[in-house]
Undergrad: 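This is the structure I have questions about; it appears just below.
A note on names: the letters A, B, ... follow the listed sequences, proteins ahead of strands, and every chain is numbered from 1.
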There are 2 protein chains.
Amino acid sequence: MNGEMEGRAAGEPPVMPLEKLTQPAILLLLAQNKAHGYELIQKLNQMEFTDGDLDTATVYRILRRMEQEGLLASNWEHGEFGPARRQYRLTGEGLNSLDEWARTLQARLRQIETFLTLYRHIKKGPLQNGQG
Amino acid sequence: MNGEMEGRAAGEPPVMPLEKLTQPAILLLLAQNKAHGYELIQKLNQMEFTDGDLDTATVYRILRRMEQEGLLASNWEHGEFGPARRQYRLTGEGLNSLDEWARTLQARLRQIETFLTLYRHIKKGPLQNGQG
DNA sequence: TATATCTATATGCAGCGTGCAGATAGGAAA
DNA sequence: TTTCCTATCTGCACGCTGCATATAGATATA
């Protein structure tokens, strides 16, 4: 999930498979301004929510999915320049989802804090397992 | 990825597909004491890392995977009572992985804090999108 | 004119991880 | 004998992701 290495050799430390917060980040961006997919991808890549660059195909699929779920609505924009683009905006349901994400991530924050507290605790004391 | 509800009706608020922190939690538990799978599952279900009860099959598969990756080692324990059970313990690599998880989750903590700060900010001001 | 590049969106495919259901098996209680 | 608890594992289907690729308008370059 981080993309630093492509073919991990046996014995190499595996990457931490933490998912990206793409969906809540999209909701957050669209709560401020409506935007099209390409624009969102650029903004997402500038934000700290993602470790590396996002796969564009994945983002477009997330957008379609979110629209199917009723969180977003879209309409085609045939501008004067460039190809047509899908303008996404948040729905009321999407705004609710953003609120729910905030609560979920607040809870996750506490979970991680608990984890890190326990981690630091066992790091101070001696380890019980006999690995060598 | 969500699994909390079976057939979400259209229009229902979708669940937040945040993955569980099962793997780092296992590393944390095994850094303190070696244990077998069933025991770990019970402990994990008591911890705050998981929202609901974990699927036992999933946990056993995670354990096998982590052993294949070299993070854990195991041996069969033929005790006097009950069926034989696999005793898992942390390897040196597993301990490194735990450290890496701590760093990853520390970074994730900051990401979530950034998200929540932005969220509260837009909640205070007027929304720019014209949904409703 | 032909080619390459940037913008913009989308599909096909393989692979991984999960959850649910169920199999297996020892041992204890009814 | 049946049931239940402990303990581990497999099969299957589904969903999500990343990579490669297709499409297409528009603009720059040779």
Undergrad: Given atom NE2 of A:H36 and atom C1' of C:dC6, what is their separation to the nearest angstrom?
TA: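 Atom-to-atom, A:H36 to C:dC6, this comes out as 12 Å.
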Undergrad: Write down the distance between CZ (A:R64) and P (D:dC16), rounded to a whole number of angstrom.
TA: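 Rounded to the whole Å, the gap is 15 Å.
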Undergrad: Looking only at side-chain atoms of A:R85, point me to the closest of C:dA8, D:dC9, C:dC20.
TA: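 That would be C:dA8.
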Undergrad: Regarding B:R65, tell me which of base, sugar-phosphate or nothing describes its non-hydrogen contacts under 4.0 Å with the strands shown.
TA: sugar-phosphate
Undergrad: Using the side-chain heavy atoms of B:Y88, tell me which of these nucleotides is nearest: C:dA10, D:dC9, D:dT6.
TA: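 Nearest to the side-chain atoms of B:Y88, counting from C-beta on, is D:dC9.
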Undergrad: Looking at the side chain of A:T56, which of C:dT7, C:dA10, D:dG18 is the nearest nucleotide?
TA: C:dA10
Undergrad: How many Å lie between CG on B:L63 and C1' on D:dT10, as a whole number?
TA: 16 Å
Undergrad: Does this structure show an ion pair linking A:E69 with A:R65, if we count only N-O contacts that are shorter than 4.0 Å?
TA: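 No, no charged N to carboxylate O under 4.0 Å.
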Undergrad: Roughly how many Å is it from CD in B:E77 to P in D:dA7, rounded to a whole number?
TA: 10 Å
Undergrad: Atom CG of A:D55 to atom P of C:dA8: distance rounded to whole Å?
TA: 18 Å
Undergrad: Assess, by modelled atom type and distance only, whether the side chains of A:Q111 and A:R108 contain a donor and an acceptor separated by less than 3.5 Å.
TA: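 A:Q111 vs A:R108: donor-acceptor pair found between side chains.
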Undergrad: Please report the distance, rounded to the nearest Å, between CZ in A:R86 and P in C:dT9.
TA: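 The answer, rounded to whole Å, is 8 Å.
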Undergrad: Quick one, A:N33 and A:L29 - any side-chain contact, counting heavy atoms below 4.5 Å?
TA: no
Undergrad: Starting from P on C:dT7, measure out to CD on A:Q42 and report it in whole angstrom.
TA: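 From A:Q42 CD to C:dT7 P: 7 Å.
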Undergrad: On the nucleotide C:dT9, are OP1 or OP2 found under 4.0 Å from the side-chain N or O atoms that A:Y60 carries?
TA: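 Yes, such a contact exists.
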Undergrad: Please determine whether any donor N or O and acceptor N or O are separated by less than 3.5 Å between the side chain of B:R61 and the base of D:dG11.
TA: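 Donor-acceptor pair under 3.5 Å: yes.
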Undergrad: So how far is it from B:L28 CG to B:L98 CG, rounded to the nearest 0.5 Å?
TA: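 It is 6.0 Å, given to the nearest 0.5 Å.
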Undergrad: Looking at A:T58, does any N or O in its side chain come under 4.0 Å of the phosphate oxygens OP1/OP2 on D:dG18?
TA: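 So the side-chain polar atoms of A:T58 do come within 4.0 Å of the phosphate oxygens OP1 or OP2 of D:dG18, strictly under.
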Undergrad: Please tell me if the side chains of B:R86 and B:W76 come closer than 4.5 Å, counting only heavy atoms from C-beta onward.
TA: yes
Undergrad: Could you state the NZ-C1' distance from A:K20 to C:dC16, rounded to the nearest angstrom?
TA: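 Checked: the NZ to C1' distance equals 15 Å.
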Undergrad: To the side chain of B:A57, which of D:dT8, C:dA10, D:dC9 is closest?
TA: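 Looking only at heavy atoms from C-beta outward on B:A57, the closest nucleotide is D:dC9.
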Undergrad: Tell me what A:I41 touches on the nucleic acid: a base, only sugar-phosphate, or nothing, going by heavy atoms under 4.0 Å.
TA: nothing
Undergrad: Of the nucleotides D:dA7, C:dG19, C:dA10, which has the atom closest to the B:Y38 side chain?
TA: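 When the side chain of B:Y38 is considered, D:dA7 is the closest of D:dA7, C:dG19, C:dA10.
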Undergrad: Output the single nucleotide from D:dT17, D:dT8, C:dA8 whose closest atom is nearest the side chain of B:W76.
TA: D:dT8
